[in-house]
Student: 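Before I ask anything, here is the structure I am working with.
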2 protein chains.
Amino acid sequence: MDADAGFDASLRADDVAFGARDAALLRAIDATGSLNAASDRLGRSYSRAHERLDDLENAFGPLVERTRGGPGGGGTTLTDDGRALVARFERLRAGYAAIAETTVAVLDGTVTDRTGELGVVDTEAGAIRALVPPDTDRVEVSVRGDAVTLHDPDASPAADATSARNRFEGVVTAVERGDAVVRVAVDIGAGTPIDALLTATSVERLDVEEGASIVASFKATATRATPREA
Amino acid sequence: MDADAGFDASLRADDVAFGARDAALLRAIDATGSLNAASDRLGRSYSRAHERLDDLENAFGPLVERTRGGPGGGGTTLTDDGRALVARFERLRAGYAAIAETTVAVLDGTVTDRTGELGVVDTEAGAIRALVPPDTDRVEVSVRGDAVTLHDPDASPAADATSARNRFEGVVTAVERGDAVVRVAVDIGAGTPIDALLTATSVERLDVEEGASIVASFKATATRATPREA
DNA sequence: GAGCGTTATATCTATGACGAAACAACGGTC
DNA sequence: GACCGTTGTTTCGTCATAGATATAACGCTC
């Protein structure tokens with residue numbers, strides 16, 4: 001059963017959710033200088049766009065400046081806040097897209113110690129520090145490829161010298177080259193390997209190849225556990 | 001203008017998007033053993049729930065097993081695939097939640113070199129390697145707090161010994177303690193500091209305090225740039 | 001064979017979101 | 001004062017989604 005991860009991103013204030021359609025509207029206003037032309041460009045009704053803009057401004061503050069009459073008949077321009085909102089929305093989407101696209105290794109485990117939202121999870125690979133759910137000890141730990149850093153085993157930093165708390169010795173089981181990003185699978189003693197996403201430069205400089213010994217590290221604060229079924 | 005980041009997560013197959021309401025339905029079925037009782041529990045209509053379940057199974061394959069008649073009148077149970085879909089959805093949500101919650105530093109810059117989707121961005125702090133958008137050199141680089149690792153300046157790994165390509169020397173400007181997660185702000189020579197989210201253990205072992213020198217590193221493959229307005 | 005409580009199916013209703021169209025008002029230009 | 005093309009406002013229609021209700025059918029138990 002194959003399924004793609006998706007999302008609808010939003011920024012929320014006062015029960016109003018600023019989403020992709022809203023960002024598209026503001027971008028079209030920015031490009032055309034007119035709410036009328038922007039609606040046309042997007043194939044949307046002028047009256048709805050106008051109403052929506054009012055709702056957004058009630059929640060988020062002034063996003064546009066509008067003038068009536070004049071040589072072109074009037075116009076609409078984005079405020080600095082309007083541009084900032086669109087920029088922030090784009091960054092948020094980029095972040096979610098990273099989550100949707102990145103590879104994830106899932107390790108079953110049991111929480112054995114907690115300090116606030118952090119915990120120690122006992123897994124096949126050993127103890128993993130992660131952000132853990134409050135109500136259960138039965139969890140699965142997600143390790144994202146873009147959160148795993150690889151180190152030369154002979155030169156990996158001492159525990160007192162780095163803030164990355166999870167460190168495992170392992171063996172490279174696969175090296176899969178993309179355009180500029182390389183996916184490296186590392187067996188750290190769990191049932192399935194974890195992935196690390198590296199640049200080609202890193203692969204060369206670390207001399208990563210199948211069968212090589214390597215140290216994989218990832219931050220506790222970037223590792224999340226979710227409840228696991230009985 | 002204050003706004004909270006939000007999202008609607010989904011897993012998609014055959015133009016059907018499995019979302020939070022669907023996950024809630026499957027969880028309620030799991031808890032009650034009955035589609036009828038699950039709908040009641042969720043305050044939803046039985047016929048809609050039934051129809052939706054059919055749509056989901058057409059797209060994702062068998063998610064439940066249903067029996068009619070018998071001692072209790074019949075019932076509905078989740079299949080292994082049904083449970084796996086819910087578990088995968090929960091992991092996806094946890095990932096998006098991490099994005100929504102984490103602090104982000106934004107650095108303006110210009111792309112000066114590209115290799116596929118990776119690029120070098122010239123910023124106030126120096127060159128940053130990141131995943132860059134294809135159509136523009138004017139970008140802003142987002143550096144997420146949960147992606148930044150701190151190192152002892154005297155003991156940070158050599159460039160040939162780690163896959164984290166971005167490394168900056170900086171000074172700690174703030175240490176802000178949460179329950180178990182500590183937010184450390186580091187001035188790396190950009191207009192605004194970047195944040196690193198650390199465990200309390202890391203803060204102690206690294207002896208992180210305001211004014212201290214520190215090395216901050218983050219992976220190129222975990223760093224994204226988005227287009228920046230003129 | 002009735003009873004039970006479920007699954008399965010059919011039909012109806014309400015609501016929110018959205019597109020569409022029409023018209024009033026604006027204000028600089030000619 | 002007319003013209004232009006915009007903003008601003010009003011009204012209408014359609015569609016998708018969802019809730020609600022009713023009924024048929026199932027199959028084990030008594």
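Proteins get letters first, then strands, A, B, ... in listed order; numbering begins at 1 in each.
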Student: Between C1' on D:dT9 and CG on A:Leu53, what's the gap in Å once rounded to a whole number?
Tutor: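 A:Leu53 atom CG is separated from D:dT9 atom C1' by 15 Å.
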Student: Would you kindly give the CG-to-P distance between B:Asp55 and C:dT9, to the nearest whole Å?
Tutor: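 Value for this atom pair: 13 Å.
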Student: Measure the distance from NE2 on B:His50 to P on D:dT23 and round it to the nearest whole Å.
Tutor: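 My rounded result for the distance is 19 Å.
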Student: Taking B:Glu57 as the fixed residue, which of B:Asp81, B:Thr79, B:Val64 is the one that meets the side-chain contact (heavy atoms from CB on, under 4.5 Å) rule?
Tutor: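 The side-chain contact (heavy atoms from CB on, under 4.5 Å) with B:Glu57 is passed solely by B:Val64 among B:Asp81, B:Thr79, B:Val64.
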Student: Heavy-atom nearest nucleotide on DNA chain C for A:Gly70 versus A:Ser45: which residue maps closer to 5'?
Tutor: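 Here A:Ser45 is the residue nearer the 5' end.
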Student: For residues A:Asp187 and A:Thr173, is any side-chain donor paired with an opposing acceptor at under 3.5 Å?
Tutor: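 A:Thr173 and A:Asp187 do not have a side-chain donor-acceptor pair below 3.5 Å.
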Student: Taking atom types as they are modelled, is there a donor-acceptor pair under 3.5 Å from the base of C:dG27 to the side chain of A:Arg68?
Tutor: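 Under the 3.5 Å cut-off, the side chain and the base do not form any donor-acceptor pair.
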Student: Roughly how far apart are A:Glu51 CD and A:Tyr46 OH, rounded to 0.5 Å?
Tutor: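 So the CD of A:Glu51 and the OH of A:Tyr46 are separated by 12.0 Å.
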Student: Could you check A:Leu85, A:Asp14, A:Asp22 and say which one makes a side-chain contact (heavy atoms from CB on, under 4.5 Å) with A:Phe60?
Tutor: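 By the side-chain contact (heavy atoms from CB on, under 4.5 Å) criterion, A:Phe60 pairs with just one of A:Leu85, A:Asp14, A:Asp22: A:Leu85.
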Student: For the side chain of A:Arg48 and the base of C:dG19, is some donor closer than 3.5 Å to an acceptor across the two?
Tutor: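 A donor-acceptor contact between them is present.
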Student: Keeping the roles fixed (side chain from B:Asn166, backbone from B:Arg129), state whether a donor-acceptor pair exists under 3.5 Å.
Tutor: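 A pair under 3.5 Å: yes.
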Student: Tell me yes or no: between the side chains of B:Ser202 and A:Arg165, is some donor less than 3.5 Å from an acceptor?
Tutor: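 Side-chain D/A pair, B:Ser202 to A:Arg165: present.
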Student: Could you work out which one of D:dT11, C:dA8, C:dG28 sits closest to the side chain of A:Pro71?
Tutor: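 Given the options D:dT11, C:dA8, C:dG28, the side chain of A:Pro71 is closest to C:dG28.
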Student: List in numerical order all residues of residues 21-37 of chain B for which some heavy atom is under 4.0 Å away from an atom belonging to DNA chain C.
Tutor: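 Listed by number, they are B:Ser34, B:Leu35, B:Asn36.
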Student: Would you mind telling me which residue lines up with the more 5' stretch of DNA chain D, A:Asp54 or A:Gly69, judged by nearest nucleotide?
Tutor: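 Per heavy-atom nearest nucleotide, the more 5' residue is A:Gly69.
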Student: Taking donor-acceptor contacts at under 3.5 Å, does the side chain of A:Ser47 reach the base of C:dA20?
Tutor: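 Donor-acceptor pair under 3.5 Å: yes.
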Student: Nearest to the side chain of B:Tyr46, which nucleotide is it out of D:dT7, D:dT11, C:dT9?
Tutor: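 For the B:Tyr46 side chain, the nearest candidate turns out to be C:dT9.
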Student: Closest nucleotide of DNA chain C for A:Arg52 versus for B:Arg66: which of these residues is on the 5' side?
Tutor: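 Nearest nucleotide further toward 5': that of B:Arg66.
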Student: Could you state the atom-to-atom distance from CZ of B:Arg41 to C1' of D:dG19 in whole Å?
Tutor: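 B:Arg41 atom CZ is separated from D:dG19 atom C1' by 20 Å.
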Student: Whole Å only: how far is the CG atom of B:Leu42 from the P atom of D:dA20?
Tutor: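 My rounded result for the distance is 13 Å.
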Student: Using a distance-only test with no angle check, is there a side-chain donor-acceptor pair under 3.5 angstrom linking B:Asp137 and B:Thr110?
Tutor: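 No.
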Student: Would you please confirm or rule out a distance under 4.0 Å between OP1 or OP2 of D:dG27 and any side-chain N or O of B:Thr67?
Tutor: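 Result: no.
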Student: Starting from C1' on D:dT7, measure out to CG on A:Asp40 and report it in whole angstrom.
Tutor: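 So the two atoms are 14 Å apart, to the nearest Å.
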